[in-house]
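First the structure, in the form of structure tokens, and then the observations on it.
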Amino acid sequence: MNDIQHPALRPDRIGDLHLANRLAVSPMTRVSAAADGTPTSEMADYYTAFARGGFSLVLTEGTYTDTRYSQGYANQPGIVTDGHEAAWRDITSRVHDAGAPMILQLMHAGALSQGNRYRDDTAAPSAVQPRGQKMPEYGGHGPWRTPRAMSQDDLDQVVHGFVTSAVRARRAGFDGVEVHGANGYLVDQFLTDYTNQRGDRYGGTVANRVRLAAEIVSAIRAEVGPRFCVGIRLSQGKVNDFTHRWAGGSRDAEIIFAALAEAGASYLHIASEGRDWVETATLDGQVTITGLARKVTGLPVLANGGMHDPARAAMVLQDGHADVLALGRGALANPDFPRRLAQGLPLADFDHRMLQPMATLSNARLWRPAAGVPA
Ligand SMILES: Cc1cc2nc3c(=O)[nH]c(=O)nc-3n(C[C@H](O)[C@H](O)[C@H](O)COP(=O)(O)O)c2cc1C
């Protein structure tokens with residue numbers, strides 16, 4: 001294929017947001033903020049490099065939304081204080097100067113919190129101990145704590161945290177927010193049958209289990225108005241359960257997607273946690289999860305999972321499975337991936353050692369000379 005013609009290089013839009021191409025940076029936690037959650041100038045350099053490298057959209061790492069139960073890791077950034085907001089403003093301004101819009105991912109860790117400076121206990125839909133173990137790359141080890149089941153008051157405070165954080169994000173210069181509804185964190189814990197054992201209107205049927213996600217999106221939408229971009233990320237797999245799939249397949253997916261479109265989402269971002277899109281995309285052996293999301297909602301859909309393979313990326317776009325591609329590991333290995341694709345330059349392979357022993361920016365910097373990669 002002539003890479004100049006690659007379909008990922010064609011422009012697009014998400015609502016009012018103009019995208020120079022179809023290549024977005026996927027959200028990636030780097031546990032490199034100050035201890036109080038303030039983003040750093042090192043983070044500004046990191047995000048700006050993607051914009052300089054030609055990515056048309058930069059999604060941030062998951063950022064916590066309140067001073068209660070939302071924080072997931074030590075050194076995770078927050079968007080809950082004036083200091084956080086001011087530091088993010090410096091970052092958005094640099095990324096904008098380098099030519100890309102930027103979206104803040106809003107994250108509540110729920111039961112999958114392994115570091116919260118505001119408290120030691122965790123809270124989630126139900127008192128179910130999470131599967132698997134805490135994640136060493138984000139500073140955790142050993143089994144997860146069993147969370148406390150959230151009350152209605154807790155849920156009101158969760159929604160309030162997302163809304164006030166979205167307002168702060170807009171003030172900080174972000175072009176939109178993305179609700180983290182994927183990968184096993186709080187919103188996904190509500191969606192998931194085995195972590196949600198509630199008997200109230202947030203538990204039981206899929207329509208009930210997606211209610212919290214829809215309430216968060218619609219509460220943000222009501223506050224920020226119709227034009228500000230409010231996306232949501234979903235996935236079947238989880239950081240602590242890669243093989244989980246929605247029990248009702250495409251029937252569940254249709255209910256979930258329709259509820260979120262109805263709530264006012266600007267786009268849906270479908271992640272493939274722990275697996276490539278190819279492995280997680282097909283529902284009921286027929287439709288792709290991203291293609292179905294497009295069809296049900298009519299909204300722009302971001303696909304994720306192994307999209308750094310140019311042939312796969314072309315297929316996903318050309319066959320109508322998605323509008324935009326989010327690159328995680330491929331962007332870490334090639335912060336200038338779009339430029340390389342446009343110029344037909346070779347692409348570097350992702351080396352997991354750049355995230356070891358923890359996924360910090362300083363470890364990635366130390367890895368570069370050892371791996372022979374220019375600083
Ligand atoms: C170091 C690292 C941190 C991640 N942190 C987040 C995160 O904060 N929020 C999120 O939604 N996904 C997170 N992910 C998942 C990625 O966004 C992406 O879904 C995953 O890497 C698969 O895409 P890829 O094949 O392009 O790498 C993270 C992935 C990596 C490698």
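Since this is a predicted model, take the numbers as computed values, not measurements. Ligands are counted one by one from 1 in listed order, and the atoms in each one are counted from 1 as well. Count residues from 1 along the sequence.
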> Are any non-hydrogen side-chain atoms of Thr67 and Arg117 less than 4.5 angstrom apart?
Replying inline: no
> Which of the atoms of ligand 1 are close to Leu355, meaning less than 4.0 Å from one of its heavy atoms?
Replying inline: 1 (C)
> Quick one: do the His160 and Asp66 side chains pair a donor with an acceptor below 3.5 Å?
Replying inline: no
> Given that the side chain starts at C-beta and the backbone is N, CA, C, O, which of these parts of Gln105 lies under 4.0 Å from ligand 1, counting heavy atoms, or is it both or neither?
Replying inline: side chain
> Do Gly330 and ligand 1 have an N or O pair less than 3.5 Å apart?
Replying inline: no
>> Checking the side chain of Ser266 only, and the main-chain atoms of Cys229 only, is there a donor and an acceptor separated by less than 3.5 Å?
In response: no
> Tell me: protein heavy atom nearest atom 23 (O) of ligand 1, and distance?
Replying inline: Asn304 ND2, 2.9 Å
>> Please evaluate residues Tyr194 and His244 with respect to the criterion ring-ring contact (aromatic ring centres under 6.0 Å, His included), reporting the C-alpha separation (whole Å), side-chain torsions for both, the decisive distance (0.1 Å), and the verdict.
In response: CA-CA 10 Å; Tyr194 69 85; His244 180 76; 5.5 Å; yes
> Would you say the side-chain atoms of Ser272 and Asn304 include a donor-acceptor pair closer than 3.5 Å?
Replying inline: no
> Hey, looking at atom 29 (C) of ligand 1, which of Met28, Met107, Glu137 has the closest heavy atom?
Replying inline: Met28
> With a 4.0 Å cut-off on heavy atoms, is Tyr138 touching ligand 1?
Replying inline: yes
>> Could you tell me if Asn208 and Arg198 have a donor-acceptor pair between their side chains, going purely by distance under 3.5 Å?
In response: no
> Tell me: protein heavy atom nearest atom 26 (O) of ligand 1, and distance?
Replying inline: Gly328 N, 2.7 Å
> Which residue supplies the protein heavy atom nearest to atom 15 (C) of ligand 1, what is that atom called, and how far is it?
Replying inline: Glu273 OE1, 3.7 Å
> Is any side-chain N of the basic residue among Arg145 and Asp121 closer than 4.0 Å to the acidic one's carboxylate O?
Replying inline: no
>> Is it the case that the side chains of Lys238 and Thr192 hold a donor-acceptor pair, with the cut-off being a distance below 3.5 Å and no angle test?
In response: yes
>> Which residue and atom name correspond to the protein heavy atom nearest atom 25 (O) of ligand 1, and how close is it?
In response: Arg329 NH2, 2.5 Å
> Quick one: does ligand 1 sit under 4.0 Å from the side chain of Arg233, the backbone, both or neither, non-hydrogen atoms only?
Replying inline: side chain
> Counting only heavy atoms, which portion of Asn183 has something under 4.0 Å from ligand 1: side chain, backbone, both, or neither?
Replying inline: side chain
>> Applying side-chain hydrogen bond (donor to acceptor under 3.5 Å, both in side chains) to Thr48 and Asp45, what does each step give before you reach the verdict?
In response: CA-CA 5 Å; Thr48 305; Asp45 293 343; 5.7 Å; no
>> Could you identify the single nearest non-hydrogen protein atom to atom 5 (N) of ligand 1 and state the distance to 0.1 Å?
In response: Thr29 N, 2.7 Å
> Is any N or O atom of Arg30, backbone or side chain, closer than 3.5 Å to an N or O atom of ligand 1?
Replying inline: no
>> With the threshold set at under 4.0 angstrom, would you say Gly306 reaches ligand 1 through any of its heavy atoms?
In response: yes
>> Please classify the His180 to ligand 1 contact at 4.0 Å (heavy-atom distances, strictly less than): side chain, backbone, both or neither.
In response: side chain
>> Can a donor-acceptor pair be found, under 3.5 Å and without considering hydrogens, that links the side chain of Arg13 to the backbone of Gly15?
In response: yes
> With a 4.0 Å cut-off on heavy atoms, does Ala182 reach ligand 1?
Replying inline: no
>> Hydrogens and angles aside, do Arg119 and Asn116 bring a side-chain donor and acceptor to less than 3.5 Å of each other?
In response: no
>> Using a 4.0 Å cutoff against the non-hydrogen atoms of Gly305, which atoms of ligand 1 qualify?
In response: 23 (O), 25 (O)
> Can you tell me the protein heavy atom closest to atom 6 (C) of ligand 1 and the distance?
Replying inline: Pro27 O, 3.1 Å
> Just by distance, with hydrogens left out, do Glu61 and Tyr73 show a side-chain donor and acceptor under 3.5 Å apart?
Replying inline: no
> Looking only at heavy atoms, is any part of Leu327 under 4.0 Å from ligand 1, and if so is it the side chain, the backbone, or both, or is it neither?
Replying inline: backbone
> Which atoms of ligand 1 sit under 4.0 Å from any heavy atom of Ser26?
Replying inline: 16 (C), 17 (O), 18 (C), 19 (O)
